[in-house]
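Numbering of residues begins at 1 and proceeds along the displayed sequence.
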Amino acid sequence: MFDLINSKILVFVPQVYLKLTHHHHLIPFQFLPPLRRSKRNTIESGNVGSIIESQNRRRHQYKTHWHKMSCKVRLMEDGSLDEEPLTLKEIAYQKLCNNLDIFSGCTESGQRSLNAGIVLTNEICDAFLENYQRFHRPLDDRVINLFSDTRRTSLKIVNLRYSTLSSIGLQTLMRHKLFALSMWYCDRITVQSHHLLAHYGDSLRSLELGISSHLLQNAEPHEKEPVDFQLTCPHLRRLVLNGVVMHHRLQFAHLQDLSHLDLTSCVLANFSLEALGMLPNLHTLILFNVWPIANQLHAICCLRRLCTLDISISSSGNGHGTYDLPDQTLVMLMDNLRHLTHLDISGTNLAGNGVATKESTNANTKTEQHFGPTDIPGLASRTQRPLQFLGLYHTAHWACKRHDIPALEVAGDANEQQILTAARYYHDRPVLLTRVLNDLYHLFRFENCKDIHTALDVVLCAMDRHLKFKHMQISGSATLFYIVKGRDRSKFGTLLRNHIIRTLLNGMEMHLTDDTMLRNGYLTLTQFHMPVDVLFEYERLIKILLHGVSKTEQEGFVQRIAIYLLNTLACQVDGRQKLFLGELGVVSTMLTLIKDRLTRSVFDDVMEVAWSTMWNVTDETAINCKKFLDGRGMEYFLKCLNTFPDRDELLRNMMGLLGNVAEVKWLRPKLMTQEFIEVFARLLDSLSDGIEVGHHGGRLANDNANQLRFQVSYNAAGVLAHIASDGADAWTIKTPTRQHVLERMVAAIQRWNIKSERNINYRSFEPILSLVRCYETPECQHWAVWALANLTQVYPDKYCQLVEQENGIQILTELIEHESPYCEIKRIARLVIEQCDLGMERMVEG
């Protein structure tokens with residue numbers, strides 16, 4: 001049997017707070033739904049050239065430089081949210097990724113090697129690498145070794161994210177004469193590998209070295225010495241560098257095909273952008289977080305073919321992004337870069353203060369007469385030819401909140417549309433994106449966000465792409481809480497629900513030592529249906545919960561919510577999962593918590609739920625019962641009994657657990673001590689003890705107390721009935737005598753109300769029915785038939801059917817016909833049969 005968690009434990013504290021980030025305020029909200037405890041605590045090749053060319057063409061466009069979101073989250077016709085199911089091809093790749101032995105084997109050194117006779121086309125190889133990472137598999141040198149034979153494998157487009165491959169693995173990949181290489185968060189690749197570009201870079205059309213990819217820079221964050229390198233990739237069309245220190249000798253003139261250059265967070269030092277003046281095809285220049293840049297503006301103005309210019313800053317601190325003459329500077333850029341369609345000046349003061357300066361009043365008046373009004377003086381010339389995109393996120397003087405902005409699409413923080421636009425465009429700028437998620441969080445906090453499916457898409461994408469950025473995970477998880485909270489579970493399709501849960505677990509797993517991340521993740525998980533919604537990640541979630549229970553602040557909220565979730569999961573899963581709980585150390589962890597509180601003489605929710613959790617995980621799981629006994633569980637039982645004698649809920653939970661232990665025949669001898677038997681016999685009389693309830697408790701408190709005392713008495717009788725069922729020879733103690741205990745047990749049973757309700761759930765009556773057959777000890781039969789009668793009387797719809805299914809009617813009929821049981825036992829047995837017959841009639845009528 002297992003415990004169904006009474007309502008009293010639900011509210012750990014009157015009000016709790018969801019943390020956004022460490023430096024943001026706390027958000028109050030009422031805690032959880034009523035906490036409930038649980039009995040048995042409840043292969044073809046394609047035209048590679050044409051594919052590469054089309055992909056390169058798409059990458060050259062500005063809107064895919066910031067790579068707008070994939071929009072996997074869909075708003076369905078019925079109003080629900082979900083993701084598109086996997087295609088047949090994606091399912092096939094998933095199968096391959098999860099079962100590498102289908103086409104490869106392992107060498108003695110652990111490297112993966114293609115099986116003999118297998119040849120993989122370029123389309124298959126590229127897609128395999130993409131899907132291997134997509135399905136959350138670690139991509140390392142061992143897997144990369146699959147592509148060591150360039151005659152049997154072919155790679156052209158390689159995108160690596162959070163890969164642990166080394167220089168050896170990178171060399172294996174580059175020997176394929178790649179067309180495109182992208183690396184993000186590949187921190188095992190160091191500057192010592194930059195010679196690989198010189199050897200294998202001739203074929204590259206696209207090179208992207210994102211955050212923590214140190215191929216062309218020193219890994220130390222404060223190291224500003226440039227690496228002496230040249231871009232020996234003459235056919236590059238797209239180049240993305242992040243945080244690279246540019247030395248003054250770096251040449252670009254030979255990159256005649258270069259059309260897209262992204263130097264995000266690069267340090268120009270003595271490097272001059274004049275080096276870009278000889279690039280005839282350059283139409284996209286990204287200088288995000290490159291500062292100072294004022295002395296480079298004239299060089300930028302010479303790049304007359306630019307369609308896209310980004311000179312935005314993520315932080316305006318220390319004067320970054322502040323220009324002396326912002327209006328005139330922006331006018332200069334507009335006058336020289338007449339082909340611009342996309343401009344980002346976020347974080348700067350280039351939008352001015354919205355008021356024309358005295359010097360430009362006359363000029364602006366003439367411009368407005370010709371083009372129309374605008375609240376951004378420097379863009380007056382674009383009122384009749386608006387930009388396709390304008391970035392105004394966190395600009396000075398709140399430029400994004402102005403009315404007349406000459407752009408079709410604006411990234412800012414003035415409204416939902418601007419925030420979502422910013423999230424889509426800045427998805428590979430984690431620091432800036434974290435702020436955008438904070439803005440989204442505030443939208444959802446006040447329930448003002450209308451485009452929920454887009455918001456959910458950008459949050460999930462941000463968290464998935466930037467797993468190592470703790471504050472982004474914190475902000476994202478807080479936003480997810482408000483997206484999920486209060487919404488009908490059926491409105492989230494299974495695929496989307498799984499994605500949300502998996503993303504949360506990824507963030508929690510990556511930042512296990514951060515209480516705020518755990519707190520947000522746990523609270524969001526409480527909004528789902530446990531355990532049904534999380535069974536696909538059951539084992540990983542249990543490990544994360546155990547960490548929250550054992551490694552977080554003592555008696556802190558994270559520990560309390562973690563143990564609540566752990567108990568909820570433990571009470572409603574099958575035997576295999578209960579075994580897994582025991583293997584992971586749930587029993588020992590709970591005993592450690594109990595020992596700590598005994599040492600400090602502290603009784604709290606954690607102590608109570610720890611016993612409830614053990615009650616759940618020992619249900620019909622003998623090995624976990626043994627773990628309890630081996631972990632000094634009975635010692636802690638006696639200490640809790642003596643230290644907290646008036647805690648009825650605690651006593652109920654402990655006796656429920658011991659009821660599970662007593663059902664295991666080979667463990668019962670460990671309970672056969674004078675001390676234990678005397679305690680169990682004394683607890684038989686719990687219901688007859690005086691119950692004092694305060695004046696404010698009223699009738700309800702009295703009823704609750706009586707129910708708890710009844711359950712303690714019932715469980716004590718169940719423990720003694722199982723022990724006594726082993727026969728007189730197994731009763732190895734002199735006092736109390738077996739007969740004396742059995743007489744007290746029958747006296748207790750006769751005091752019980754057959755209509756008493758119980759917060760217990762039985763999945764099987766096998767242990768009870770085994771006692772019905774115990775003709776050598778009729779007192780054991782008495783407890784067993786009373787248990788069946790009580791359950792079928794109070795919960796007929798559930799338990800009458802279970803009696804039928806487990807052949808209980810035949811067993812009870814045999815008991816009635818047998819000569820050994822006394823009359824009271826047979827009378828109660830008839831009650832059960834009659835009640836089950838009524839139940840069958842109700843089913844037929846229904």
Completion exercise
By side-chain contact (heavy atoms from CB on, under 4.5 Å), Asn349 pairs with (sequence neighbours left out) Thr322, Tyr323, Pro326, Ala396
Exercise for the section: Could you grab the distance from atom CE of Met510 to atom CG of Leu505, nearest 0.5 Å is fine? Expected result: 13.0 Å
Problem - Side chains of Leu480 and Met463 in contact at under 4.5 Å (non-hydrogen atoms) - result: yes
Practice task
Compare every heavy atom of Gly507 with every heavy atom of Leu467, then report the nearest pair and how far apart it is.
Solution key: CD1-N, 3.8 Å
Exercise for the section: Work out which heavy atom in Glu539 is nearest to a heavy atom in Leu584; give both atom names and the distance. Expected result: O-CD1, 4.3 Å
Problem - Under 3.5 Å: donor-acceptor pair, side chain of Arg402, backbone of Asp375 - result: yes
Fill in the blank from the handout: To the nearest 0.5 Å, atom OG1 of Thr479 lies from atom CD1 of Ile474 at 11.5 Å
Practice task
Give a yes or no answer on whether the side chain of Asn567 reaches the backbone of Val609 with a donor-acceptor pair at less than 3.5 Å.
Solution key: no
Exercise for the section: Please check if the side chain of His547 supplies one atom and the backbone of Leu512 the other of a donor-acceptor pair under 3.5 Å. Expected result: yes
Problem - Any donor-acceptor N/O pair, Asn131 side chain to Ala127 backbone, under 3.5 Å - result: yes
Practice task
Measure the shortest side-chain to side-chain distance between Asp327 and Ile376 over non-hydrogen atoms and say whether it is less than 4.5 angstrom.
Solution key: no
Exercise for the section: Would you indicate whether the side-chain heavy atoms of Leu440 and Val459 approach each other to under 4.5 Å? Expected result: yes
Problem - Worked check of side chain to side chain contact (heavy atoms under 4.5 Å, CB included) between Val240 and Leu209 - result: CA-CA 6 Å; Val240 177; Leu209 302 178; over 6 Å; no
Practice task
For residues Leu541 and Phe536, determine if any side-chain heavy atom of one lies less than 4.5 Å from a side-chain heavy atom of the other.
Solution key: no
Exercise for the section: Please determine if Arg429 forms a cation-pi arrangement with Phe288, meaning its NZ or CZ atom is less than 6.0 Å from the six-membered ring centre and no more than 45° off the ring axis. Expected result: yes
Problem - Test log, rule salt bridge (Lys or Arg N to Asp or Glu O under 4.0 Å), inputs Asp428 and Arg465 - result: CA-CA 8 Å; Asp428 264 337; Arg465 291 179 72 84; 2.7 Å; yes
Problem - Intermediate values then yes/no, salt bridge (Lys or Arg N to Asp or Glu O under 4.0 Å), Arg502 and Glu509 - result: CA-CA 10 Å; Arg502 188 181 290 113; Glu509 199 171 47; over 6 Å; no
Exercise for the section: Could you tell me whether the side chain of Asp140 and the main chain of Val143 form a donor-acceptor pair under 3.5 Å? Expected result: yes
Problem - Pairwise side-chain contact, Leu433 with Phe469, heavy-atom cut-off 4.5 Å (strictly under) - result: no
Completion exercise
Of all heavy-atom pairs linking Thr454 and Arg424, the shortest is CG2-NH1, 4.4 Å
Exercise for the section: Working to the nearest 0.5 Å, report the span between CG of Leu306 and OG of Ser259. Expected result: 11.0 Å
Exercise for the section: Please examine the side chains of Leu420 and Val458, heavy atoms only from C-beta on, and report whether any two atoms are closer than 4.5 Å. Expected result: yes
Fill in the blank from the handout: CZ of Arg237 to CG of Leu282, rounded to nearest 0.5 Å, is 14.5 Å
Handout entry: Any donor-acceptor N/O pair, Ser213 side chain to Met183 backbone, under 3.5 Å
Key = yes
Practice task
Ignoring hydrogens and angles, state whether a donor on the side chain of Tyr162 or Gln133 is under 3.5 Å from an acceptor on the partner side chain.
Solution key: no
Problem - Any Ile91 side-chain heavy atom under 4.5 Å of Thr87 side chain - result: no
Problem - From CG (Leu518) to OG (Ser477), nearest 0.5 Å - result: 9.5 Å
Exercise for the section: Taking Thr374 for its side chain and Asp404 for its backbone only, find out whether a donor-acceptor pair lies under 3.5 Å. Expected result: yes
Practice task
Just say parallel, tilted or perpendicular for the rings of Phe389 and His342, cut-offs at 30° and 60°.
Solution key: parallel
Exercise for the section: Might you work through the side chain to side chain contact (heavy atoms under 4.5 Å, CB included) test for Ile286 and Leu263, ending with a clear yes or no? Expected result: CA-CA 6 Å; Ile286 311 299; Leu263 300 178; over 6 Å; no
Fill in the blank from the handout: Closest non-hydrogen atoms of Gly521 and Leu504, given as atom of the first, atom of the second and distance, are CA-CD2, 4.2 Å
Practice task
Give a yes-or-no answer on whether the side chains of Asn289 and Ser314 include a donor-acceptor pair shorter than 3.5 Å.
Solution key: yes
Handout entry: Heavy-atom pair of closest approach, residues Asn438 and Ser475
Key = OD1-OG, 2.6 Å
Exercise for the section: Under the side chain to side chain contact (heavy atoms under 4.5 Å, CB included) rule, what do Leu165 and Leu139 come out as? Steps first, then yes or no, please. Expected result: CA-CA 7 Å; Leu165 85 167; Leu139 188 58; over 6 Å; no
Practice task
Take Tyr185 and Ser163 through the side-chain hydrogen bond (donor to acceptor under 3.5 Å, both in side chains) test and state the conclusion after the steps.
Solution key: CA-CA 7 Å; Tyr185 305 109; Ser163 172; over 6 Å; no
Fill in the blank from the handout: Given the options Thr421, Asp413, Asp439, Asp344, Tyr393 meets side-chain hydrogen bond (donor to acceptor under 3.5 Å, both in side chains) only with Asp439
Problem - Sidechain-backbone polar pair: Glu416 side chain, Lys450 backbone, donor-acceptor under 3.5 Å - result: yes
Practice task
Quick one: closest heavy-atom pair of Cys449 and Ala455, and the distance?
Solution key: SG-CB, 4.0 Å
Problem - Intermediate values then yes/no, side chain to side chain contact (heavy atoms under 4.5 Å, CB included), Val267 and Met246 - result: CA-CA 6 Å; Val267 179; Met246 315 281 285; over 6 Å; no
Practice task
Verify whether the ring centers belonging to Phe128 and Tyr93 lie closer than 6.0 Å.
Solution key: no
Exercise for the section: For the pair Thr348 (side chain) and Ile345 (backbone), establish whether a donor and an acceptor sit closer than 3.5 Å, ignoring hydrogens and angles. Expected result: yes
Practice task
State, with a plain yes or no, whether a side-chain heavy atom of Asp310 is found less than 4.5 Å away from one of Thr264.
Solution key: no
Exercise for the section: Might you work through the side-chain hydrogen bond (donor to acceptor under 3.5 Å, both in side chains) test for Asp187 and Ser212, ending with a clear yes or no? Expected result: CA-CA 5 Å; Asp187 47 18; Ser212 297; 5.6 Å; no
Problem - Check: His466 side chain, His427 main-chain N or O, donor-acceptor pair, under 3.5 Å - result: yes
Problem - Working for salt bridge (Lys or Arg N to Asp or Glu O under 4.0 Å), residues Arg74 and Asp82 - result: CA-CA 5 Å; Arg74 307 291 185 189; Asp82 206 351; over 6 Å; no
Exercise for the section: Mind checking the CZ-CG spacing from Phe481 to Leu525? Nearest 0.5 Å is all I need. Expected result: 11.0 Å
